Amino acid sequence: MKAFIYLFVSLLLLTSCREKPETPDTAIRSLTGQETEGLDPDRLARIDQMMEEAIAEGEIPGGVALIARNGQIVYHKAFGQSDMEQGTEFLKNDIFRIASQTKAITSTAVMMLWEEGHFQLDEPISKYIPEFENTGVLETFVESDSSFTTTPLTTPITIRHLLTHTSGIGYGMIDGDPRFRKAFVKAGIIDAFTAEAVTLKENVPKLAQMPLHHEPGAAWTYSEGLDVLGHFVEIVSGMPFDEFLKSRIFDPLGMEDTWFYLPQQLTDRLVPVQYKEDGSWKVFETDIFNIDYPIEGARSFFSGGAGLSSTARDYFVFLQMMLNKGVYNDVRLLSRTTVETMMANQIGDLWKGGSNDFNLAFSVVNDRGVAQGGLGGPGTFEWGGYFNTQYFADPGEQVIGILMKQTQGNSGDQTGWKFKQMVFASIAD
């Protein structure tokens with residue numbers, strides 16, 4: 001892939017200039033004060049060892065880890081190589097495809113408009129996108145031509161259903177049911193990653209014609225509902241979705257490295273996706289989508305479910321705003337009361353017996369999860385992304401953990417659960 005193939009000498013030169021200079025920030029400090037913030041430096045050092053062992057054993061090629069406590073970054077390190085074939089080292093300010101970590105940001109945009117009184121959460125989405133008036137639950141499916149019939153809904157899809165993945169909408173290429181994957185392909189629906197000249201305005205009405213897995217509110221099914229809500233934000237705000245996020249969230253919070261499509265001056269900081277083949281890490285390529293979508297193509301599809309790229313530092317800022325009940329560095333995006341509503345369990349017992357519930361933006365650790373251990377305290381909110389990124393934030397302990405990797409395929413990666421477990425085991429106050 002030409003975007004990532006360079007001569008070795010050129011890589012050395014680029015590496016020397018990729019690191020973004022440190023800038024003053026009253027909310028962030030360097031790797032000092034770990035003990036002041038109640039974290040044991042010796043226990044945090046276990047994370048270094050864990051990451052280095054995972055790289056040596058071929059579980060991952062590397063990544064970037066960030067830990068914050070009480071609003072202060074106390075651990076921010078890069079490990080391994082972002083391109084093993086070219087010998088490029090990971091850097092702390094590398095930009096990653098965060099995929100489904102986009103969802104929480106889209107949910108925040110929706111709730112900002114909700115605060116302004118534009119709509120109620122239990123209004124039907126068809127009020128704003130009429131194509132959803134005729135959506136139904138899958139009844140029959142014909143394998144030979146991917147045609148289907150549906151049963152009319154007794155409950156309309158609401159904005160709340162879309163936020164909580166209870167709408168019944170499927171998820172195209174990653175859907176667990178092959179019938180839905182085939183139906184989406186036949187309809188020409190774009191799931192997330194594309195360099196083609198597609199817009200939400202074109203894609204979402206097609207999505208409305210797809211069958212549902214179940215009646216809205218009857219079950220939890222991971223879905224493209226947040227893509228629908230990205231278009232909903234455009235309709236309600238009168239702004240393209242990317243412009244809304246930039247002007248209302250990213251610029252006010254100082255998230256200058258978070259974009260759907262990277263400006264030219266940032267493209268060299270996007271790290272390649274790697275996969276493991278015959279014991280070696282190689283740059284990932286696929287015919288299913290353009291892996292270089294953040295830096296190539298039409299730059300027109302603003303996927304609210306999976307389209308953004310970002311850094312560990314930028315995503316920390318977003319999570320800290322949530323921990324701060326809607327405010328960061330004197331910039332308030334949401335009311336404390338709105339954040340409390342967002343963090344409340346919205347799906348009841350749909351994940352029966354599970355360690356997590358789901359709110360209006362995140363998966364949330366419940367009492368069963370606390371008892372399980374290693375997941376954080378009650379109310380710890382979390383999620384991850386398709387290219388192997390993850391985050392969690394514990395309101396009670398005021399701890400944030402972010403682990404950014406960029407891989408595909410099964411390599412036996414155990415760093416995700418180990419990182420989380422070790423972060424909480426480092427709390428010493």
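What you see is a predicted model; the values in this text were computed from it and never measured.
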Say whether [X] and [Y], considering side chains only, have a donor N or O and an acceptor N or O under 3.5 Å apart.
{"X": "Arg69", "Y": "Gln398", "result": "no"}
{"X": "Asp48", "Y": "Tyr75", "result": "yes"}
{"X": "Lys103", "Y": "Tyr222", "result": "yes"}
{"X": "Asn388", "Y": "Gln408", "result": "no"}
{"X": "His214", "Y": "Thr221", "result": "yes"}
{"X": "Glu115", "Y": "Ser335", "result": "no"}
{"X": "His161", "Y": "Asp122", "result": "no"}
{"X": "Thr88", "Y": "Ser82", "result": "no"}
{"X": "Ser363", "Y": "Asn356", "result": "yes"}

Measuring from [X]:[atom1] to [Y]:[atom2], what's the distance to the nearest 0.5 Å?
{"X": "Leu153", "Y": "Glu215", "atom1": "CG", "atom2": "CD", "answer": "5.0 Å"}
{"X": "Glu234", "Y": "Phe244", "atom1": "CD", "atom2": "CZ", "answer": "11.0 Å"}
{"X": "Ile98", "Y": "Tyr391", "atom1": "CD1", "atom2": "OH", "answer": "8.5 Å"}
{"X": "Lys325", "Y": "Leu333", "atom1": "NZ", "atom2": "CG", "answer": "15.5 Å"}
{"X": "Phe96", "Y": "Ser309", "atom1": "CZ", "atom2": "OG", "answer": "10.5 Å"}
{"X": "Trp114", "Y": "Leu121", "atom1": "CH2", "atom2": "CG", "answer": "6.0 Å"}

Original post:
Which of parallel (below 30°), tilted (30 to 60°) and perpendicular (above 60°) describes Phe119 and Phe232?
Top reply: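 Taking Phe232 first and then Phe119, their aromatic rings stand perpendicular (interplane angle over 60°).
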Over all heavy atoms of both residues, which pair between [X] and [Y] is shortest? Give the atoms and the distance, please.
{"X": "Leu162", "Y": "Leu226", "result": "O-CD2, 3.5 Å"}
{"X": "Glu224", "Y": "Gly172", "result": "OE2-N, 3.7 Å"}
{"X": "Asn290", "Y": "Ala195", "result": "ND2-CB, 3.6 Å"}
{"X": "Val64", "Y": "Phe90", "result": "CG2-CD2, 4.3 Å"}
{"X": "Gly58", "Y": "Trp281", "result": "O-CZ2, 3.4 Å"}
{"X": "Leu350", "Y": "Trp220", "result": "CD1-N, 4.1 Å"}

Original post:
Can you check salt bridge (Lys or Arg N to Asp or Glu O under 4.0 Å) on Glu123 and Arg160, steps first, answer last?
Top reply: CA-CA 8 Å; Glu123 288 181 4; Arg160 192 187 304 270; over 6 Å; no
Sub-4.5 Å side-chain heavy-atom contact between [X] and [Y]:
{"X": "Phe148", "Y": "Arg179", "result": "no"}
{"X": "Ile249", "Y": "Met112", "result": "yes"}
{"X": "Thr164", "Y": "Leu360", "result": "yes"}
{"X": "Ile67", "Y": "Ile47", "result": "yes"}
{"X": "Asp175", "Y": "His213", "result": "yes"}

With [X], the ring pair (Phe, Tyr, Trp, His ring centres under 6.0 Å) member among [options]:
{"X": "Trp383", "options": "Phe392, Phe358, Tyr315", "answer": "Phe358"}
{"X": "Phe387", "options": "Tyr275, Phe284, Phe193", "answer": "Phe193"}
{"X": "Phe241", "options": "Phe302, Phe260, Phe301", "answer": "Phe260"}

Is it true that, when you exclude [X] itself, more than 12 heavy atoms of the residues, nucleotides or ligands shown sit nearer than 6.0 Å to its [atom1]?
{"X": "Gln264", "atom1": "CD", "answer": "no"}
{"X": "Glu243", "atom1": "CD", "answer": "yes"}
{"X": "Lys186", "atom1": "NZ", "answer": "yes"}
{"X": "Gln120", "atom1": "CD", "answer": "no"}
{"X": "Asp145", "atom1": "CG", "answer": "yes"}

Look at [X] together with [Y] and state whether they make a salt bridge at an N to O cut-off of under 4.0 Å.
{"X": "Arg336", "Y": "Glu340", "value": "yes"}
{"X": "Lys182", "Y": "Glu143", "value": "yes"}
{"X": "Arg46", "Y": "Glu52", "value": "no"}

Subject >> Chi angles and distances behind the salt bridge (Lys or Arg N to Asp or Glu O under 4.0 Å) call for Lys246, Asp251 >> reply: CA-CA 6 Å; Lys246 186 176 188 302; Asp251 286 352; 3.0 Å; yes
Original post:
In a check of salt bridge (charged side-chain N to carboxylate O under 4.0 Å, His left out) between Asp413 and each of Lys418, Lys276, Lys405, which one passes?
Top reply: Lys405
**OP:** Can you spot which of Asp94, Asp314, Asp257 makes a salt bridge (charged side-chain N to carboxylate O under 4.0 Å, His left out) with Arg269?
**Re:** Asp257
Donor-acceptor check, side chain of [X] to backbone of [Y], threshold 3.5 angstrom: yes or no?
{"X": "Trp351", "Y": "Gly348", "value": "no"}
{"X": "Thr150", "Y": "Pro211", "value": "no"}
{"X": "Gln101", "Y": "Gly384", "value": "no"}

Subject >> Candidates Leu207, Ile159, Asn203 - the one meeting side chain to side chain contact (heavy atoms under 4.5 Å, CB included) with Val228 >> reply: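 In the set Leu207, Ile159, Asn203, the residue that makes a side chain to side chain contact (heavy atoms under 4.5 Å, CB included) with Val228 is Leu207.
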